Amino acid sequence: MADAVVSVLLEKSLTLLLEEGQQLLELDDQFDKMIDELRYMKTWLVDAETMRRKDGREILKVITQDLRELVYDAEDIIADCQVFFIKKQHGGCLADFMSYCSPRLLKFRHKITKRLKITNQEIAKVQERMRRYLAMFPAPIISIGESSRSRPLSYPILMEETDIVGLTEQSKDVEKLILEADGSPIVIGIVGMGGVGKTTLAQKICNRDTVKHSFKCIIFVTVSQHCELEDLLERMLTQMNIGEEYFKRREVVDLLRTLGRKLEEGKYLVVLDDVWEINEKSWWNSLKSALPKRNGCCVIVTTRNEDVAKSMGAIDRHINRPRLLSDDDSWSLFTKIAFARDGGRCPNSDLESIGKEIVARCGGLPLAIRVVGGMMFGKGDSVHEWSRIAEHLKEEMEEKMIDEPLMLSLRLSYEELPPYLKPCLMCFSMLPEDYSIQVDDIVPWWIGEGFVLGSEGRAAFEIGRQCVVELVNRCVLIGDSKYIVSGQLSWVKIHDIVRDMIIKIARDENFTHLDKRGRPELTVQSRRMGMFSNGIIKSIERTGLKKSTIESKLRTLWALDVGKEDVLSKNMELCKLKRLRVLSVSFYKDLKDEDVMKDWLDGIASLLHLVYLKIKNCGLKNLPDSVGNLRNLQILCLYKWYNLKMLPPTITELDKLTSLDIDFCDLLECMPVGIERLSRLEILKGFRPTISSHKNTSGISHLENLGQLRELQIYFKSPNNLVEGELNVLSTLQNLRLLSIRFDCAEADGAALVSRVNHQLSPLRNVEELCLSNYPGESTPIWLNAATFPNLQFLGLLGGANIKHMDPGFWEKEHGVWKIEGVFLYLSSEFEEKRERFREALPSLKKLKGRIGDSDEENADDDDL
């Protein structure tokens with residue numbers, strides 16, 4: 001198959017060359033030649049995709065590898081020229097660039113010309129190989145791909161419990177075992193091959209009303225291949241509402257005691273999903289010792305290995321083995337996904353005949369059926385495309401004489417993805433097994449790499465989120481429906497079997513380098529690196545490779561739980577990673593050495609190509625002024641900088657910035673003056689205004705010039721943040737779709753702040769989602785009504801400890817008819833309104849979630865209407 005990244009980068013490079021054409025030609029006319037050569041490559045890739053299943057596939061692979069390196073080189077040259085033009089545009093100490101014959105300009109021209117000639121010569125060599133290869137085959141009759149692809153759904157297809165087929169009897173069997181247990185805790189095993197539905201069955205059991213009402217505590221955690229007891233315990237305790245602060249400087253023995261103490265409070269059900277192995281010194285022995293020996297309690301373990309379930313204490317009659325789906329159930333599951341646009345009904349008999357042939361080749365395996373269903377969903381109702389897929393499946397099975405419907409369907413589903421989705425999916429090969437990632441983290445990554453670009457008036461973030469929805473709808477990503485109120489996915493992850501396939505493809509295409517256990521390793525050609533433990537850092541340093549060679553190519557560095565040893569590693573020196581486009585670093589929670597972090601972050605001035613920068617859990621008080629040098633930066637996220645007091649004024653010089661996230665920076669009190677200069681901002685989270693008269697800071701009135709804002713989150717800490725009527729500036733933001741207002745004020749300031757906020761607001765006609773957090777008033781603001789928000793679709797009220805009721809205007813019909821579809825409420829027991837009143841007042845309401853009061857009846861976490 002054609003390389004996933006090559007196609008995307010070719011398109012990006014051609015676009016940049018054409019956009020920057022006149023300036024580039026001032027440097028060297030070799031750019032004109034490069035445009036022609038890259039256009040030729042783009043055409044060749046279309047033909048190569050058509051011929052990917054013919055003889056000579058290995059030749060195609062070799063040529064594509066050469067092509068990949070040349071495209072990377074071409075893009076690097078263009079990126080260097082962009083940086084040059086930015087420096088020239090902003091002058092300063094580089095003002096001598098303005099002279100056509102300046103020494104610096106001549107030196108740069110000479111360097112670029114030399115690189116261009118080398119690259120174009122190499123392109124010519126590859127072209128000759130292309131011509132020889134193409135001469136071996138006749139011209140293609142049809143093109144392969146998504147030319148007939150229908151418009152994707154704008155919402156994700158998520159399988160609710162009512163949509164799950166083939167598991168009813170098995171779930172009843174397990175439920176019976178659970179409810180009849182009256183002695184010591186029992187272990188129930190759910191055992192079967194990958195993709196047969198073990199996790200789905202366990203989830204369905206936990207969602208049964210009889211099971212929910214029988215246990216005070218239900219915990220569901222994924223174990224996976226490489227289980228760390230401390231991490232497992234923290235995730236279990238988090239589900240029991242124990243906050244992150246508790247885990248700091250806690251030993252494993254403390255966590256075990258806490259878990260045991262919490263579980264002593266009542267009957268518990270613990271689900272340990274995807275367990276791979278158990279040995280004498282395993283995590284299970286320690287965990288088991290902490291589980292109270294209360295009567296009627298239960299542990300469910302899902303595993304591919306029956307011996308694992310038995311070694312954990314499951315006797316034979318307590319082991320459930322999910323069966324493959326029947327023909328009828330297979331077809332039912334397939335239609336729910338493939339024909340989602342038609343309500344799960346096949347639109348015509350031709351597609352039904354072909355569809356049943358395709359489903360039969362999935363062998364009754366639920367995951368294979370879902371993935372194939374997602375693939376066919378992308379084909380719309382084209383009988384030609386459906387017939388082609390059916391023939392392809394038949395040929396592959398007969399040619400390879402294998403009975404592996406799952407891996408075959410997974411591979412085919414990847415091949416049939418449109419080119420723009422392939423590199424997006426490939427990024428998941430770098431993440432740990434069973435790792436859930438926020439959509440707001442993965443989309444900026446794609447933007448930083450150039451896999452997602454804004455086009456035709458649509459913002460890159462909007463397009464990126466639609467790509468997430470497409471991948472979920474094609475069933476190669478899993479969306480978490482628990483986090484959906486606003487209609488947008490918040491978290492996604494990849495099934496471990498799909499991840500195994502993506503890792504193999506990532507190796508083949510040199511997307512990233514992983515060892516046999518799926519861990520990142522650094523090589524000469526590495527352009528992307530994920531770091532998840534100190535051990536990986538040490539293995540990198542033992543490679544003995546020339547660091548200058550490696551670091552000049554690295555484009556993405558994704559590091560989780562970085563500790564002091566990592567920061568001090570030579571491989572983490574930012575000044576040497578000059579090709580980085582994406583840098584996402586999360587510091588380990590116990591890293592308190594500010595000098596170490598400061599020394600490391602001082603190297604950020606060298607990252608002139610950086611597009612996406614995220615730094616989480618940082619203890620520094622200041623962000624270096626040199627961040628203003630990052631003129632290509634589009635996305636900046638400083639999340640949980642718990643000591644940050646002031647942003648540098650230079651941040652207002654980042655004129656390409658489209659997203660600024662400073663959420664949970666609790667000591668930050670204000671914004672630097674000049675925030676209105678960031679005219680491209682589409683997302684602004686954590687905005688902390690001051691009154692307009694305050695010098696060297698920005699107030700709400702400065703937002704008036706940010707006409708591109710689509711998402712805005714405002715923090716109010718005191719009455720000094722706002723003057724009466726100032727919120728009316730928000731009505732000038734015509735593109736604003738999401739508004740979040742968070743209050744973090746002292747109790748003594750609450751009444752004064754409410755008085756200033758509680759001023760009638762000009763209508764915000766385009767706002768579709770509103771969230772109010774910790775509002776200090778006894779009733780919601782007077783402007784929370786259908787007249788002010790005529791097109792509001794989603795409403796969240798969180799943590800308002802003082803709120804007792806909604807303002808009367810919320811219910812009054814003379815303000816207009818609400819269009820709200822989803823409501824999330826997490827309020828104290830003082831709140832007097834009942835669920836029934838929301839249902840009656842909101843005619844479009846589809847989902848009511850959260851906690852209202854503390855009565856058992858009103859503690860439902862999810863109420864679908």
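Heavy atoms only: backbone and side chains are in, while hydrogens, waters and symmetry mates are out. Remember, it's a predicted structure, so these values are computed and weren't measured experimentally.
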Discussion item. Between I662 and M671, does the side chain to side chain contact (heavy atoms under 4.5 Å, CB included) criterion hold? Intermediate values first, please.
Written reply: CA-CA 10 Å; I662 43 176; M671 306 296 291; 3.6 Å; yes

Fill in: Aromatic ring proximity, centroids under 6.0 angstrom, F687 and Y715
no

Practice prompt. Work out which heavy atom in W446 is nearest to a heavy atom in C467; give both atom names and the distance.
Written response: CZ3-CB, 3.8 Å

Worksheet item: So, S698 side chain and P672 main chain: donor-acceptor pair closer than 3.5 Å or not?
Response: yes

Worksheet entry | Candidate pair N785 and D807, rule side chain to side chain contact (heavy atoms under 4.5 Å, CB included), full reasoning | CA-CA 9 Å; N785 55 61; D807 182 83; 6.0 Å; no

Item to complete: Working to the nearest 0.5 Å, report the span between CG of L727 and OG1 of T788.
Response: 11.5 Å

Worksheet item: With ring centroids as reference points, do Y775 and F743 lie under 6.0 angstrom apart?
Response: yes

Worksheet item: Could you go step by step and tell me if I447 and Y612 meet the side chain to side chain contact (heavy atoms under 4.5 Å, CB included) rule?
Response: CA-CA 8 Å; I447 294 172; Y612 171 39; over 6 Å; no

Fill in: CA sep, side-chain torsions, deciding dist, call: S718, D749, side chain to side chain donor-acceptor pair (under 3.5 Å)
CA-CA 6 Å; S718 81; D749 292 332; 5.4 Å; no

Worksheet item: So which heavy atom on Q734 is nearest to which on N766, and how close?
Response: O-ND2, 2.7 Å

Practice prompt. Taking the side chain as every heavy atom from C-beta outward, state whether P776 and C745 have any pair of such atoms under 4.5 Å apart.
Written response: yes

Worksheet item: Is the Lys NZ or Arg CZ of R837 less than 6.0 Å from the centre of F831's six-membered ring, within 45° of the axis?
Response: no

Item to complete: Go through the steps to decide whether N207 and K212 satisfy the test side chain to side chain donor-acceptor pair (under 3.5 Å), and finish with yes or no.
Response: CA-CA 7 Å; N207 287 330; K212 285 182 178 179; 4.6 Å; no

Worksheet item: Mind checking whether F810 and W818 have ring centres under 6.0 Å apart?
Response: yes

Worksheet item: So, are D440 and R465 salt-bridged, with charged N and O less than 4.0 Å apart?
Response: yes

Practice prompt. Search all heavy atoms of I635 against all heavy atoms of L657 and return the closest pair with its distance.
Written response: N-CD1, 3.9 Å

Worksheet item: Is the shortest heavy-atom distance from the side chain of I675 to the side chain of V673 under 4.5 Å?
Response: no

Discussion item. Check whether Q239 reaches the backbone of F220 with its side chain - one donor and one acceptor, N or O, closer than 3.5 Å.
Written reply: yes

Practice prompt. Test the R341-F377 pair against the cation-pi criterion, namely NZ or CZ under 6.0 angstrom from the six-membered ring centroid and within 45° of the ring axis.
Written response: yes

Worksheet item: Is a side-chain N or O of E833 found less than 3.5 angstrom from the main chain of M806, in a donor-acceptor match?
Response: yes

Worksheet entry | Main-chain N/O of F824 paired with K847 side-chain donor or acceptor, under 3.5 Å | no

Discussion item. So, applying salt bridge (Lys or Arg N to Asp or Glu O under 4.0 Å) with K614, which one of D661, D441, D663 is it?
Written reply: D441

Discussion item. Do Y642 and C665 have side chains that approach each other closer than 4.5 Å (heavy atoms only, starting at C-beta)?
Written reply: no

Worksheet item: Taking NZ, NE, NH1 and NH2 as the nitrogens, is one of them in R710 or E682 under 4.0 Å from a carboxylate oxygen of the other?
Response: no

Practice prompt. Taking Q713 for its side chain and G686 for its backbone only, find out whether a donor-acceptor pair lies under 3.5 Å.
Written response: yes

Item to complete: With rounding to the nearest 0.5 Å, note down the distance linking NZ in K640 to OG in S586.
Response: 9.0 Å

Item to complete: Check whether any side-chain heavy atom of L633 lies under 4.5 Å from a side-chain heavy atom of L613, and answer yes or no.
Response: yes

Worksheet item: Side chain of H815, backbone of E812: donor and acceptor closer than 3.5 Å?
Response: no

Worksheet entry | Atom pair CG/CZ of L848 and R835 - distance to nearest 0.5 Å | 4.5 Å

Worksheet item: Closest approach of L712 and L730, non-hydrogen atoms and distance?
Response: CD2-CD2, 3.6 Å

Worksheet item: Stepwise, does the side chain to side chain contact (heavy atoms under 4.5 Å, CB included) test hold for E669 with K645?
Response: CA-CA 7 Å; E669 296 182 351; K645 293 186 176 181; over 6 Å; no

Fill in: L644 side chain near L620 side chain, heavy-atom distance below 4.5 Å
no

Discussion item. Please verify the inter-ring angle class for F789 with W783; under 30° counts as parallel, over 60° as perpendicular, anything in between as tilted.
Written reply: tilted

Response to the item:
Between V627 and P648 the two heavy atoms that sit nearest each other are CG1-CG, 3.9 Å

Fill in: Side chain to side chain, E821 and Q793, heavy atoms closer than 4.5 Å
yes

Practice prompt. Identify the two heavy atoms, one from N721 and one from E726, that lie closest to each other, and give their separation to 0.1 Å.
Written response: O-OE1, 4.2 Å

Practice prompt. Decide ring pair (Phe, Tyr, Trp, His ring centres under 6.0 Å) for W811 and F838; before the verdict, give the C-alpha distance in whole Å, the side-chain angles of both, and the deciding distance to 0.1 Å.
Written response: CA-CA 9 Å; W811 311 109; F838 284 95; 5.2 Å; yes

Discussion item. I want to check something: taking the side chain as every heavy atom from C-beta on, are Y826 and L797 in contact at a cut-off of under 4.5 Å?
Written reply: no

Worksheet item: Distance from L784 atom CG to L792 atom CG, nearest 0.5 Å?
Response: 7.5 Å

Worksheet item: Are V443 and V452 side-chain neighbours, meaning at least one heavy-atom pair lies under 4.5 Å?
Response: no

Practice prompt. Evaluate side chain to side chain donor-acceptor pair (under 3.5 Å) for N728 paired with S762, printing each intermediate quantity in order.
Written response: CA-CA 5 Å; N728 283 315; S762 297; 2.9 Å; yes

Worksheet item: Passes salt bridge (charged side-chain N to carboxylate O under 4.0 Å, His left out), R677 versus D655? Steps please.
Response: CA-CA 7 Å; R677 291 202 293 267; D655 51 12; over 6 Å; no

Discussion item. I'd like to know if E264 pairs up with R261 as an ion pair, taking the criterion as any Lys NZ or Arg NE/NH1/NH2 lying under 4.0 Å from an Asp or Glu carboxylate oxygen.
Written reply: no

Worksheet item: Under the 3.5 angstrom rule, does the side chain of R680 hit a backbone N or O of L678 as a donor-acceptor pair?
Response: no

Worksheet item: Taking R688 for the side chain and L668 for the main chain, is one N or O donor matched with an acceptor at less than 3.5 Å?
Response: yes

Fill in: Charged tip of R250 within 45° of Y246 ring normal and under 6.0 Å
yes

Worksheet item: Quick check: does any side chain N or O of N758 sit under 3.5 Å from a backbone N or O of P781, one acting as donor and the other as acceptor?
Response: no

Worksheet item: How many angstroms lie between atom CD of E676 and atom CG of L706, to the nearest 0.5 angstrom?
Response: 7.5 Å

Worksheet item: Where the side chain of T238 meets the backbone of E234, is there a donor-acceptor pair that is under 3.5 Å apart?
Response: yes

